[in-house]
Amino acid sequence: MSDNIWGYGATSGYQAEADVTGYKVEATDGHIGKVDKHSDEVGAAYLVVDTGVWIFGKSVLLPAGTITTVDHENRTVFVARSKDEIKDAPEFDKDKHPGDAGYHQQVGGYYGSPLD
């Protein structure tokens with residue numbers, strides 16, 4: 001995992017030039033959704049995950065430090081959080097939250113430090 005919740009871990013398999021949009025997202029206890037958007041911004045990297053009908057179409061922002069593995073062959077991202085943790089995360093609003101430092105701080109506080 002990354003020492004920074006907003007950075008991709010060196011062993012995650014994430015490649016800056018790779019587009020992970022559309023990849024499946026797997027929580028520690030099963031499928032949670034798909035990647036709708038991603039950012040490579042240094043110190044502020046994240047995935048926006050569309051959870052689909054599982055939790056009524058909610059979108060959530062997952063800091064890059066929550067990612068354990070990116071499997072490019074199977075187009076899947078694995079994260080070190082449970083479905084309930086992701087479900088209970090602050091909802092992402094694409095019209096209000098991009099670039100909102102307060103929202104980033106709220107999400108960072110919710111997820112806390114990366115898991116080791």
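The shown structure was predicted, so the numbers you read here are calculated from the model rather than taken from an experiment.
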(message) Is any side-chain heavy atom of Y110 closer than 4.5 Å to one of D88?
(response) yes
(message) Looking only at side-chain N and O atoms, does S82 offer a donor or acceptor that is under 3.5 Å from a partner on D84?
(response) no
(message) Among R75, H38, H72, which residue satisfies the side chain to side chain donor-acceptor pair (under 3.5 Å) criterion with Y23?
(response) H72
(message) Is the shortest side-chain heavy-atom distance between K34 and K24 below 4.5 Å?
(response) no
(request) Check A80 against T68 and note the closest heavy-atom contact, atom names and distance. (result) CB-CG2, 3.5 Å
(request) Specify the closest pair of heavy atoms between V20 and V35, including all atoms of both residues, with the distance to one decimal. (result) O-CB, 3.4 Å
(message) So which atom in V60 and which in A89 form the shortest heavy-atom distance, rounded to 0.1 Å?
(response) CG1-CB, 4.3 Å
(request) Kindly compute the distance separating CD (E26) from CD1 (I32), expressed to the nearest 0.5 Å. (result) 9.5 Å
(request) Working to the nearest 0.5 Å, report the span between NZ of K83 and OG1 of T28. (result) 9.5 Å
(message) For A44 versus S39, what's the shortest heavy-atom pair and its separation?
(response) O-OG, 3.7 Å
(request) Check whether F78 and L62 end up in the same hydrophobic cluster, where Ile, Leu, Val, Met, Phe, Trp and Tyr are linked by side-chain heavy atoms less than 4.5 Å apart. (result) no
(message) Rounded to the nearest 0.5 Å, what separates atom OG1 in T66 from atom CH2 in W6?
(response) 9.0 Å
(message) Just verifying a value: how many Å separate D36 CG and T51 OG1, rounded to the nearest 0.5 Å?
(response) 10.5 Å
(request) Please name the pair of heavy atoms, one in Y8 and one in Y46, separated by the smallest distance, quoted to 0.1 Å. (result) OH-O, 3.4 Å
(request) Measure the CD-OH distance between E85 and Y111 for me, rounded to the nearest 0.5 Å. (result) 8.0 Å
(request) Measure the shortest side-chain to side-chain distance between V49 and I86 over non-hydrogen atoms and say whether it is less than 4.5 angstrom. (result) no
(request) For side chain to side chain contact (heavy atoms under 4.5 Å, CB included), just list the numbers for F92 and V107, CA-CA rounded to whole Å, side-chain angles, deciding distance to a tenth of an Å, and then say yes or no. (result) CA-CA 9 Å; F92 178 77; V107 170; over 6 Å; no
(request) For V48 and S59, work out which heavy atoms get closest and say how close. (result) CG1-CB, 4.3 Å
